[in-house]
Amino acid sequence: MEIRRRRARQAVFATAIVYAGYGLLGLVPAIGEYRGVALVAAFYFLPSWLLRHVPEVQSRYQVGPDSPVPPWRWRGAWVALVAALVVFPPFVLGFWWFYQQVCGGDLRVLWPVLWIEGMTPWAGGLERFLAGLCRAHAEGFWPAGLHLPASWSAWGGLGFVRQVVEGLFAVALAEEVFHRGYVMSALEDLWPPRRTIFGAKFGLAAVLSSLLFAIGHLVGMAQAARLATFFPALVFAWLWRRSGSLWAPALFHTAANLLMDLLLASTFPA
């Protein structure tokens with residue numbers, strides 16, 4: 001038990017150090033632009049290094065021992081596909097409904113976030129952001145048309161390929177290796193999940209690791225709305241346990257980010 005407790009504390013401490021380092025690098029003009037590379041490297045390699053003396057734990061967490069990239073499993077891809085087919089359609093409708101309300105001036109749906117932000121030095125930041133965003137809103141439920149993000153059309157259409165590759169390997173998979181593979185697994189060793197939700201074991205560790213994931217997003221952009229990443233993180237955690245493969249949350253995570261880019265480009269055309 002003491003080993004599990006120490007490993008869980010180490011995972012939380014490592015998360016704090018990684019994000020603190022990321023924030024501090026942003027203050028250094030000469031190297032600040034490379035901090036994203038440093039963050040991705042830490043996500044991939046730090047868990048394996050911290051667990052270098054316990055290869056069986058590395059393997060169970062899917063953070064090593066042979067490679068920081070988890071082993072490919074088709075089951076992960078299948079679970080991610082089914083989850084996308086179930087989750088994405090209602091999410092798209094909810095997205096359009098949300099911005100119809102907000103851009104129409106009804107901010108009641110945001111009162112918890114605005115209340116929290118009002119107690120921080122960034123009070124009013126979300127409202128100013130939404131005001132700028134909503135200038136391009138068509139003021140109806142449906143977007144005026146389908147608009148691809150400009151980055152997708154770059155390089156003769158190869159921009160989309162770049163977005164997929166970067167989104168998967170430099171964002172989604174890196175974050176899943178660290179937050180789900182390492183942090184969530186270490187916390188689960190200390191607090192094993194006792195509930196089963198839609199066929200997957202789920203418990204306190206999934207909630208706490210998702211909270212750490214959301215708080216980490218504040219380092220890059222200090223807006224209370226960034227804490228909303230807590231909710232997709234719960235989905236990623238469920239996918240990890242339902243599939244037994246980190247590729248499931250990584251693929252779903254990548255697809256979700258691409259879908260969000262498409263929704264923003266179509267709902268708020270430049």
Side-chain angles (χ1 to χ4, degrees), residues 2-28 30-73 76 165-191 204-221 226 229-230 232-234 236-237 239-241 244-254 257:
E2 181 56 35
I3 293 177
R4 295 177 181 179
R5 187 177 292 110
R6 184 165 61 248
R7 191 174 294 149
R9 284 199 302 264
Q10 183 184 64
V12 174
F13 183 70
T15 304
I17 290 298
V18 165
Y19 281 114
Y22 178 72
L24 290 174
L25 285 177
L27 302 177
V28 183
I31 62 174
E33 62 184 272
Y34 300 107
R35 64 177 183 157
V37 176
L39 182 66
V40 172
F43 281 164
Y44 274 124
F45 294 103
L46 185 58
S48 181
W49 183 80
L50 291 172
L51 300 171
R52 61 193 180 280
H53 299 305
V54 281
E56 71 281 1
V57 176
Q58 290 178 318
S59 180
R60 182 158 54 87
Y61 290 6
Q62 294 187 19
V63 299
D66 300 321
S67 169
V69 176
W72 173 260
R73 294 180 183 172
V165 173
E166 287 188 353
L168 177 57
F169 292 102
V171 180
L173 188 60
E175 291 182 350
E176 296 311 313
V177 165
F178 187 84
H179 286 283
R180 255 59 67 181
Y182 175 50
V183 178
M184 177 178 160
S185 297
L187 293 176
E188 278 188 339
D189 281 350
L190 182 59
W191 297 300
L204 178 62
V207 175
L208 291 179
S209 62
S210 297
L211 183 59
L212 290 173
F213 178 79
I215 292 173
H217 278 69
L218 293 176
V219 178
M221 185 183 297
R226 300 277 283 177
T229 52
F230 169 78
L234 292 176
F236 304 154
L239 287 166
W240 165 220
R241 283 297 164 244
S245 170
L246 286 174
W247 283 100
L251 291 170
F252 184 92
H253 190 158
T254 303
N257 287 344

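This one's a predicted model, so the numbers in the text were calculated from it and none came from an experiment.
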Please report the closest heavy-atom contact between [X] and [Y], naming both atoms and the distance.
X    : Y    : result
A42  : P47  : O-CD, 3.5 Å
V177 : P68  : CG2-O, 3.8 Å
L246 : L173 : O-CD1, 4.5 Å
M184 : A206 : CE-CB, 4.0 Å
H217 : R226 : O-NE, 3.1 Å
V171 : G167 : CB-O, 3.4 Å

Can you find a pair of side-chain heavy atoms, one from [X] and one from [Y], that are under 4.5 Å apart?
X    : Y    : value
H179 : F236 : no
L187 : V12  : yes
E188 : Y61  : no

* Residues forming a side-chain hydrogen bond (donor to acceptor under 3.5 Å, both in side chains) with R6, sequence neighbours excluded ->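 With neighbours one apart ignored, the set is empty.
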Nearest 0.5 angstrom please: [X] [atom1] to [Y] [atom2], how far?
X    : Y    : atom1 : atom2 : answer
L239 : L234 : CG    : CG    : 11.0 Å
R35  : L27  : CZ    : CG    : 8.0 Å
N257 : F252 : CG    : CZ    : 10.5 Å
L24  : I17  : CG    : CD1   : 9.5 Å

* Asked: Considering residues at least two apart in sequence or located in another chain, which fulfil the side-chain contact (heavy atoms from CB on, under 4.5 Å) criterion with I215?
  ->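 Scan of I215 (side-chain contact (heavy atoms from CB on, under 4.5 Å), adjacent residues dropped) gives L211, L227.
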* To do: Could you list the residues that satisfy side-chain contact (heavy atoms from CB on, under 4.5 Å) with A174, not counting sequence neighbours?
  =>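 If we apply the side-chain contact (heavy atoms from CB on, under 4.5 Å) test to A174, skipping adjacent residues, the hits are V40, F43, Y44.
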* Could you walk me through whether L51 and Y182 pass the side chain to side chain contact (heavy atoms under 4.5 Å, CB included) check? -> CA-CA 9 Å; L51 300 171; Y182 175 50; 4.0 Å; yes
* What do the steps show when you test Q58 against S48 for side chain to side chain contact (heavy atoms under 4.5 Å, CB included), and what is the final call? -> CA-CA 6 Å; Q58 290 178 318; S48 181; 3.2 Å; yes
* To do: Could you pull out all residues at least two apart from R4 that satisfy salt bridge (Lys or Arg N to Asp or Glu O under 4.0 Å)?
  =>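 For R4 there are no salt bridge (Lys or Arg N to Asp or Glu O under 4.0 Å) partners, ignoring immediate neighbours.
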* Name all pairs fulfilling the salt bridge (charged side-chain N to carboxylate O under 4.0 Å, His left out) condition that reach into residues 169-184, sequence neighbours left out, sorted by first residue then second. =>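 Qualifying pairs: E176-R180.
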* Just grab all the salt bridge (charged side-chain N to carboxylate O under 4.0 Å, His left out) pairs involving residues 49-65, residues at least two apart or on different chains. =>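 Pairs touching residues 49-65 that pass the test: R60-D189.
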* Check: A11 main-chain N/O paired with T15 side-chain donor or acceptor under 3.5 Å ->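 Looks like yes, one N/O pair under 3.5 Å.
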